[in-house]
Every structure is written in structure tokens, then in C-alpha cells.
> 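Below is a structure I'd like to ask you about.
Order of the sequence lines sets the chain letters (A, B, ...), proteins ahead of strands, with each chain counted from 1.
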Protein chains: 2
Amino acid sequence: MAIRDATYALIEEQGYDATTIEQIAERAEVSPSTVFRYFPTKEDIVITDEYDPVLLAELLRRPADEPWTDSLRHVLREAIGVGMEEEPEVTRLRSQLMVQIPAVRSRMVASMAATGRMLSAAVAERTGHDRDSLEVRVFTMSLVGGLAEISQYWAENGFRDELPDLVDRALDVIEHGLPTRKP
Amino acid sequence: MAIRDATYALIEEQGYDATTIEQIAERAEVSPSTVFRYFPTKEDIVITDEYDPVLLAELLRRPADEPWTDSLRHVLREAIGVGMEEEPEVTRLRSQLMVQIPAVRSRMVASMAATGRMLSAAVAERTGHDRDSLEVRVFTMSLVGGLAEISQYWAENGFRDELPDLVDRALDVIEHGLPTRKP
DNA sequence: TTGATTTTGACAGTTACTCTCATTTCATGG
DNA sequence: CCATGAAATGAGAGTAACTGTCAAAATCAA
């Protein structure tokens with residue numbers, strides 16, 4: 001979409017804060033009204049939720065007898081892989097903005113929380129818990145919190161790690177807790 | 001502080017969005033400029049970070065040979081207990097605003113993330129990890145994510161649970177994962 | 001009391017966002 | 001090809017959260 005492209009371009013040129021909606025509208029050759037019609041907030045232009053349904057669909061496609069933590073691992077690796085292959089610069093830019101711009105970060109966390117809610121249903125079914133139980137909700141959100149940190153870590157360290165590896169390490173921590181007594 | 005009191009009162013009367021900085025300033029008998037001087041954003045008037053140092057101090061006071069998950073449990077229960085005893089209505093209002101107002105929620109999560117960073121040092125030391133390692137960071141943020149959900153759950157269910165119990169259950173999930181095969 | 005320093009306020013400006021209403025675009029049936 | 005209705009777009013006015021600057025006022029020290 002033109003609005004999104006214009007936004008990415010302008011942010012790379014001038015930075016996030018210096019980029020106004022008016023500029024975005026001008027670059028995309030639409031009116032500011034139209035920008036607001038498609039994206040309720042400025043952060044929404046940067047962030048995308050479009051992976052959510054994909055993620056969920058993938059999860060449901062996994063064999064039912066697979067340990068669900070494994071399912072999750074596969075699905076997350078896949079989702080992240082897709083993002084990186086299709087538009088690596090955008091993926092990086094998003095991570096970077098997450099680190100630098102608090103509003104973007106919180107929009108991202110909110111988005112991931114929504115994803116988490118979706119996952120809750122799947123997780124609840126597999127584990128035999130009630131979807132609205134404290135346990136499932138806490139687990140899901142702790143998952144989301146941990147995963148969000150991956151992006152931060154990645155960006156802060158200059159994107160030098162392979163994202164799938166980070167996902168693996170993060171999931172290990174979330175599944176088994178911190179490995180004890182590491183020298 | 002007068003500004004904070006005025007804010008709480010106005011929010012209870014009119015709700016969060018309907019309460020403007022101008023009204024707050026008027027009620028607190030200061031100028032809007034002064035409000036902004038003390039609180040960078042509207043959400044900051046509602047949220048407080050003052051428990052952070054207390055929490056950290058408590059944590060350091062625990063015996064060094066205690067399993068650190070136990071230390072965490074004690075400290076969190078204590079911190080929450082204090083908040084509830086000293087100003088229960090405010091604690092409840094904050095939880096409620098966290099559920100209703102996205103901006104407040106994300107400010108809260110950010111605040112808890114900052115607390116998490118502080119805890120990271122303690123956690124890292126006890127477990128022998130590097131404080132900046134992905135493992136510690138993921139663990140800390142997943143802790144924060146899970147704990148933040150407690151507040152949500154509590155408010156959404158009409159504050160009928162005892163907060164310390166919820167903390168216990170949440171920490172169990174975070175420590176041991178979701179209990180498997182619950183009928 | 002004077003002088004210095006800190007706190008406060010008045011004010012102007014920016015920008016994200018909302019609402020309303022008119023206009024344009026466009027698909028569809030006659 | 002034209003008319004009609006629906007959807008997309010735009011113009012414009014308004015609000016409220018901030019930011020920055022500078023002057024006035026309260027506070028404190030000597």
C-alpha cells in the first residue's frame with residue numbers, strides 16, 4: 001500500500017518523530033483524512049498484524065499429538081522466517097523502531113497480546129485448561145513478553161544474530177526456566 | 001500530591017478520557033504548565049514507579065541461599081500487599097484503567113519493564129548469567145508480561161480474587177509452565 | 001532589604017487525531 | 001451511453017496533549 005511505503009521511506013530519510021502525517025499524505029498522494037481513515041494511529045502505519053491469521057492457521061495445521069510447545073516453536077520459526085524473507089529491511093526497521101520509539105513498542109506489544117489471545121484458545125484446548133483461566137492467560141502473556149524481547153535484543157545488538165536461533169533460545173527459557181548455575 | 005489527588009478524583013467522576021489536563025490543573029489549583037512540569041504525560045499522573053526501589057531493596061534483603069524464585073515470590077507478595085493496604089481504591093482504579101485505557105496499560109508495562117531491568121541484575125547474579133544475555137532478558141520480560149496479566153485478570157473479574165493468591169498461581173505457571181492434562 | 005535562585009504561569013505553536021459534510025469515483029442496471 | 005446509488009475521498013474546523021520560551025513571583029541567603 002502506498003501510504004505504508006511512503007511512511008517507511010520518510011522514516012528512513014528523517015526518522016519517526018520528524019515524519020508527520022501531512023508529509024506521509026503528500027508523499028502517498030492522498031489527503032491526511034485518507035491516511036487516518038486507513039490507519040487509526042501513526043504507529044499502526046508502521047506495525048502490521050497480518051501475520052496473526054497465518055500464524056494461527058499454521059498452528060492448527062500441526063499434528064494434534066505433537067507436544068504443543070514444539071508446535072509453537074515450528075510455527076514461530078516459520079512466521080519469522082517468512083517476514084525476514086519477504087521484506088527484510090522492513091522487518092529490521094520495525095524492530096529498530098520498537099527499540100527507539102516507545103509508542104511503537106507499546107503498539108507492538110498490544111498487537112502481540114492480541115495474537116496471544118488467539119493462541120490462548122489453541123493452548124487451552126491442547127492442555128485441557130479453560131481459555132479464560134488465569135493460568136492460560138498468564139502463560140500466554142509471559143510468552144508474548146518474552147518473545148517481544150527477542151526483537152529488542154536483536155535490534156540492540158545490530159541484527160547480528162539469526163532470528164530463528166534467538167527464538168529457539170527464548171523458547172527454551174520460557175519452557176524450562178533459566179538454566180541454573182551457568183559458569 | 002495535589003495533582004495526583006485531583007486526577008484520581010476527576011477520573012472517578014468523569015472517566016479518563018473526559019478528564020483534561022486543564023481540568024486537573026484547575027482542580028489542583030495550579031497552571032497546566034505546572035502539571036506538565038511534574039508529569040511528562042497524562043498516564044504518568046496515574047501510574048507510579050515508587051515501589052521499584054522498595055521492591056529491589058526487599059529482594060536484596062532476602063537470604064542469599066534462598067532459591068531466588070522463592071525470594072521473588074515473597075517480595076512480590078509483600079509489595080502488592082503494601083499497595084493494597086495503603087491505598088486500596090487507588091490500586092483498584094489503576095488496575096481498572098489498565099484494562100480500559102490502552103495508553104495507561106502500555107505506560108504500566110513500560111514501567112514494569114524498567115523494574116524488570118532492575119531485577120535482571122539480581123536474577124543474573126543469583127543464577128550466574130550475564131545480565132545482558134538474551135536468556136536473562138527474555139526471562140525477565142516474560143515474568144513482567146505474566147505479572148502484568150494478573151492485574152488485568154483481577155480487574156476484569158471484579159476484583160473478587162485475593163491478589164496474593166493470584167500472584168502465587170501466576171508464579172507457579174511461570175516457574176513450572178502450564179500444568180499438563182488438567183481435566 | 002537586596003540579590004540570587006528556583007518555582008510557577010502565560011502564551012504561542014505543533015501535531016496527532018476526531019467529526020462532519022460535501023464531492024468525487026465507480027460499479028451496475030436500464 | 002447514461003442515470004442512480006454506494007463507496008471512497010477530501011476539505012475544513014475543532015480538540016487536546018504536549019513543547020518551548022520568557023517573564024513574574026515566591027523562596028531563600030546574605
Side-chain angles (χ1 to χ4, degrees), chain A residues 1-50 93-94 96-111 113-114, chain B residues 1-50 93-94 96-111 113-114:
Chain A
M1 164 165 266
I3 294 176
R4 193 163 259 159
D5 293 343
T7 306
Y8 288 141
L10 282 166
I11 288 179
E12 299 220 15
E13 290 171 20
Q14 322 171 335
Y16 183 86
D17 286 333
T19 301
T20 74
I21 300 282
E22 245 180 293
Q23 291 172 344
I24 292 170
E26 193 185 345
R27 176 79 62 104
E29 290 176 325
V30 293
S31 76
S33 311
T34 304
V35 176
F36 284 119
R37 189 163 295 115
Y38 283 92
F39 302 97
T41 72
K42 195 174 158 186
E43 304 94 72
D44 279 279
I45 311 180
V46 172
I47 299 297
T48 175
D49 298 336
E50 61 200 12
L93 180 57
R94 268 204 286 259
Q96 207 172 320
L97 291 176
M98 253 187 86
V99 175
Q100 288 165 358
I101 314 293
V104 174
R105 177 165 50 249
S106 60
R107 174 61 241 276
M108 191 66 169
V109 170
S111 158
Chain B
M1 164 166 265
I3 294 176
R4 193 163 260 157
D5 293 342
T7 306
Y8 287 142
L10 282 166
I11 288 179
E12 300 221 16
E13 290 170 21
Q14 325 171 334
Y16 183 86
D17 286 333
T19 301
T20 74
I21 300 282
E22 242 179 297
Q23 292 172 343
I24 292 169
E26 193 184 345
R27 177 78 62 104
E29 291 177 324
V30 292
S31 78
S33 310
T34 304
V35 176
F36 283 119
R37 189 162 296 115
Y38 283 93
F39 301 98
T41 73
K42 196 173 159 187
E43 304 95 72
D44 280 281
I45 312 182
V46 172
I47 299 296
T48 174
D49 298 336
E50 61 201 10
L93 180 58
R94 267 202 287 258
Q96 207 171 320
L97 291 176
M98 252 186 87
V99 175
Q100 288 165 359
I101 315 293
V104 173
R105 177 165 51 249
S106 62
R107 175 59 241 274
M108 191 68 169
V109 169
S111 158

> If I take atom OH in residue A/Tyr38 and atom P in nucleotide D/dG10, what distance separates them, rounded to the nearest angstrom?
9 Å
> Report which part of the nucleic acid B/Phe39 touches: base, sugar-phosphate, or nothing (heavy-atom distance under 4.0 Å, all strands).
nothing
> Which residues satisfy the salt bridge (Lys or Arg N to Asp or Glu O under 4.0 Å) test with B/Glu22, sequence neighbours excluded?
none
> Please list all pairs passing the salt bridge (charged side-chain N to carboxylate O under 4.0 Å, His left out) test where one or both residues lie in residues 7-16 of chain B, with sequence neighbours left out.
B/Glu13-B/Arg27
> Between D/dT19 atom P and B/Asp44 atom CG, what is the distance in whole Å?
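After rounding, the reported distance stands at 11 Å.
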> What does the list of N/O pairs under 3.5 Å between the protein and nucleotides 21-26 of chain D look like, with a distance for each?
none

> Taking only residues two or more places apart in sequence, or in another chain, which ones meet A/Asp5 in a side chain to side chain contact (heavy atoms under 4.5 Å, CB included)?
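Per chain and number, A/Asp5 pairs via side chain to side chain contact (heavy atoms under 4.5 Å, CB included) with no residue.
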> I'd like to check the side chain to side chain donor-acceptor pair (under 3.5 Å) partners of B/Ser106; sequence neighbours left out, ordered by chain and number.
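Testing B/Ser106 for side chain to side chain donor-acceptor pair (under 3.5 Å), a comparison that skips the adjacent residues, returns none.
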> Look at the side-chain N and O atoms of B/Ser31 and state whether any lies under 4.0 Å from the OP1 or OP2 oxygen of C/dA10.
no
> I'd like to check the side chain to side chain donor-acceptor pair (under 3.5 Å) partners of A/Thr48; sequence neighbours left out, ordered by chain and number.
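With sequence neighbours excluded, A/Thr48 shows a side chain to side chain donor-acceptor pair (under 3.5 Å) to A/Glu50, given in chain and number order.
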> Calculate the interatomic distance between B/Ile24 atom CD1 and D/dA17 atom C1'; express it in whole Å.
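Distance, rounded to whole Å: 11 Å.
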> Which residues pass the salt bridge (Lys or Arg N to Asp or Glu O under 4.0 Å) test with B/Asp17, not counting sequence neighbours?
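Testing B/Asp17 for salt bridge (Lys or Arg N to Asp or Glu O under 4.0 Å), a comparison that skips the adjacent residues, returns none.
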> Identify, with sequence neighbours excluded, every residue that meets side chain to side chain donor-acceptor pair (under 3.5 Å) alongside A/Tyr8.
A/Arg94
> Using a cutoff of under 3.5 Å, can you pull out all pairs of nitrogen or oxygen atoms linking the protein to nucleotides 13-17 of chain C, with atom names and distances?
from	atom 1	to	atom 2	distance (Å)
C/dA16	OP1	A/Lys42	NZ	3.3
C/dA16	OP2	A/Ile21	N	3.3
C/dC17	OP2	A/Lys42	N	2.7

> I want to check something: taking the side chain as every heavy atom from C-beta on, are B/Lys42 and B/Tyr16 in contact at a cut-off of under 4.5 Å?
yes
> How long is the line joining CD of A/Glu26 and P of D/dT9, in whole Å?
18 Å
> Expressed as a whole number of angstroms, how long is the span from B/Glu29:CD to C/dT7:C1'?
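After rounding, the reported distance stands at 17 Å.
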